[in-house]
Amino acid sequence: MFKSLPLPLSDANATAGGGANAFGDLPEWDLSDLYPAPDAPELAADMDWLEAECAAFANDYQGRLATLDAAAMAECIHRYEKIATVSGRVMSYVGLRYYQLTTDGARAKALSDAQDRITTYTAPLVFFSLEFNRIDDAVYAALFSAGDLARYKPVFDRMRATKPYQLSDELEKFLHDSSVVGAAAWNRLFDETEAGLEFDVQGEKLNLEATTTLMQDHDRAKREAAAREMARVLNLNIKTFARIHNTLAKEKEIEDRWRKMPSPQFSRHLSNDVEPEVVEALRNAVVAAYPRLSHRYYRLKAKWLGLDKLQVWDRNAPLPTEAPRTIPWDEARATVLGAYSKFSPHMAEIALPFFEEGWIDAAVKPGKSSGAFAHPTVTTVHPYVMLNYLGKPRDVMTMAHELGHGVHQTLAAKQGELLADTPLTLAETASVFGEMLTFRALLDQAKTPAERKTLLAGKVEDMINTVVRQIAFYDFECKLHAARAEGELTPDDINALWMSVQSESLGDAFEFMPGYETYWAYIPHFVHSPFYVYAYAFGDGLVNALYAAYADGLPDFQAKYFAMLEAGGSKHHKELLAPFGLDASDPAFWDKGLSMIAGFIDELEALDAQGV
């Protein structure tokens with residue numbers, strides 16, 4: 001129930017890059033709203049308070065939760081929420097500073113030390129969820145049926161759903177104490193290894209971000225050079241990446257076995273408050289749609305590029321008719337805020353402070369974390385957005401995506417620390433909706449059929465990356481964890497699993513260069529948050545259905561949309577979608593979203609037939 005550090009966006013939408021100020025005056029974070037400085041007395045005071053309060057909380061409540069009346073339980077929960085807020089504020093500050101410069105030893109040490117201290121301080125709180133889940137069902141229902149406690153019932157319902165998978169109090173405390181040298185340590189090794197990678201592309205020394213962005217360059221030779229250099233450098237480090245994945249997958253298998261989790265994916269579904277059969281329906285619908293989505297689109301793209309077969313460096317290549325263009329920061333800002341404002345001025349008002357108050361860190365800098373993310377910090381402060389802005393059209397869409405998260409997180413903050421966090425399946429709703437609004441605004445401004453084709457093709461590629469590619473990633477993870485349960489995996493074993501899903505999902509338009517089999521190694525989600533990736537596909541399908549309702553003129557759509565975002569994690573997806581007439585548990589629901597992608601490809605085929 002304590003907030004985790006931010007997670008960089010996967011390569012579904014990630015941008016990449018080089019210089020810092022070639023695109024205008026790029027903003028940097030002002031983290032002083034969290035703490036004035038790493039040595040600030042306020043930070044030290046909060047650490048001291050946490051140590052004392054965690055001990056006092058355990059002393060006051062351990063062994064007594066089942067005896068508390070409604071007023072005492074409410075006070076207990078408020079104290080627990082305050083601990084979550086203060087610890088979240090500390091970890092957000094040290095975590096965001098670290099992501100700004102992951103190669104700085106002092107920042108890495110500050111993060112590690114804070115994790116160690118907070119893990120130690122909060123160890124006495126392990127009893128809380130265990131003891132809470134042992135409260136008799138009838139007593140729990142009566143306590144949480146009315147008043148202040150009723151508001152908290154959804155979050156504790158989710159906690160109590162973990163009851164069948166709890167271990168003994170002693171084992172739970174051991175897992176809590178050892179977490180800093182388990183997954184957290186391997187996560188950090190991954191981050192530091194990735195941030196330290198150096199690529200030599202046509203004589204230029206580049207980081208990972210700059211190298212991946214070259215695979216969107218107009219110059220095919222440059223794209224190929226970047227792709228081959230990616231393969232070379234990843235292969236040099238493949239044993240380290242394989243060790244990280246082997247260890248984390250085995251650690252997860254051991255914990256899942258002890259908890260009697262029915263599958264490696266189940267804990268993710270549980271935390272997402274989504275039924276396994278809903279995820280399975282999504283996965284099956286997307287896989288069945290591969291031929292009419294990715295396979296069909298990439299055959300078109302091969303034709304447009306004049307190629308018999310696409311290579312991996314052609315996957316995100318611009319179309320030949322697309323003029324190279326660098327989009328200045330101010331234009332990108334105006335485009336996104338304009339699209340938001342057209343939907344609702346209120347949405348643009350919420351997004352504006354991100355640009356003006358130091359809530360965005362936009363420039364690409366040596367040692368800065370790759371990708372992009374929006375981190376909500378704590379509900380008493382505000383979110384922060386990280387970008388790696390290089391003026392590409394996809395960078396504008398990434399801005400729209402992350403600001404959508406920021407708007408969502410801002411609106412949900414009124415729920416308080418325990419209820420604001422949205423399950424990952426719904427956490428991508430506002431971000432993908434923000435992208436869709438921006439895309440539709442650009443499409444409406446298209447002056448020629450060729451411009452419309454370029455925009456449609458770019459959107460289809462983004463949607464394929466968000467839906468098809470992420471479900472392929474999910475299948476890769478499922479295969480990886482199943483195979484690791486049978487024994488240690490060599491790098492070649494993992495490579496083979498990666499290639500098995502790539503050919504299936506991308507289709508017969510592709511050839512795969514030697515070395516592409518290592519590309520699994522740089523994707524952070526597999527390390528930081530296993531099985532996270534289906535949330536992107538969930539969010540895209542959901543947004544397509546939502547946008548269709550908006551386009552069809554559903555009455556009071558904006559009010560319903562903001563109410564959904566404001567709900568945060570206080571409602572199940574069935575409750576949140578009911579006002580829109582949508583139900584994600586209906587298998588046909590996913591076909592509606594996939595049909596929107598297919599419809600865009602239909603239009604591209606029609607334009608192609610007209611010689612556009």
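- One finds no salt bridge joining R158 and D421 here, because no Lys/Arg side-chain nitrogen approaches an Asp/Glu carboxylate oxygen to under 4.0 Å.
- W520 is linked by a side chain to side chain donor-acceptor pair (under 3.5 Å) to N495, counting only residues two or more places apart in sequence or in another chain.
- Residues forming a side chain to side chain donor-acceptor pair (under 3.5 Å) with Y516 (at least two apart in sequence, or on another chain): Q502.
- Applying the ring pair (Phe, Tyr, Trp, His ring centres under 6.0 Å) definition to pairs two or more places apart or across chains, none involves residues 440-465.
- In summary, the aromatic rings of W498 and F473 are positioned with their centroids under 6.0 Å apart.
- Taking 4.5 Å as the limit, every side-chain heavy atom of I327 sits out of range of all side-chain heavy atoms of D395.
- Side-chain contact between Y536 and R469 is absent, with no heavy atoms from C-beta onward closer than 4.5 Å.
- The line from CZ of R223 to CD of Q216 is 10.0 Å long, rounded to the nearest 0.5 Å.
- Between N316 and R394 the shortest side-chain heavy-atom distance falls below 4.5 Å.
- Partners of T102 by side chain to side chain donor-acceptor pair (under 3.5 Å), not counting sequence neighbours: none found.
- Under 4.0 Å is where a charged nitrogen must lie from a carboxylate oxygen, and between D273 and K571 no such pair does.
- Annotation: side chain of Y534 is not in contact with side chain of Q265 (no heavy-atom distance under 4.5 Å).
- In terms of heavy-atom proximity, Y340 sits nearest to T438 at CE1-OG1, 4.4 Å.
- Note on ring orientation: taking the six-membered ring where Trp is involved, the planes of F510 and F512 are parallel (angle under 30°, cut-offs 30° and 60°).
- Looking at E477 and R268, no side-chain N of the basic residue comes within less than 4.0 Å of a carboxylate O on the acidic one, giving no salt bridge.
- With sequence neighbours excluded, no residue satisfies ring pair (Phe, Tyr, Trp, His ring centres under 6.0 Å) with H218.
- The aromatic ring centres of F343 and F433 sit less than 6.0 Å apart.
- For the side chain to side chain donor-acceptor pair (under 3.5 Å) test, no residue two or more places apart in sequence or in another chain qualifies with D586.
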D475 and R283: salt bridge (charged side-chain N to carboxylate O under 4.0 Å, His left out), yes or no, with the steps? CA-CA 9 Å; D475 278 355; R283 182 264 172 200; 3.0 Å; yes

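- Annotation: side chain of F355 is in contact with side chain of W329 (closest heavy-atom distance under 4.5 Å).
- Electrostatic pairing of D314 and K309 does not count as a salt bridge here, judged by no charged N lying under 4.0 Å from a carboxylate O.
- Between Y290 and H295, the ring planes lie tilted relative to each other; the angle falls in the 30° to 60° range.
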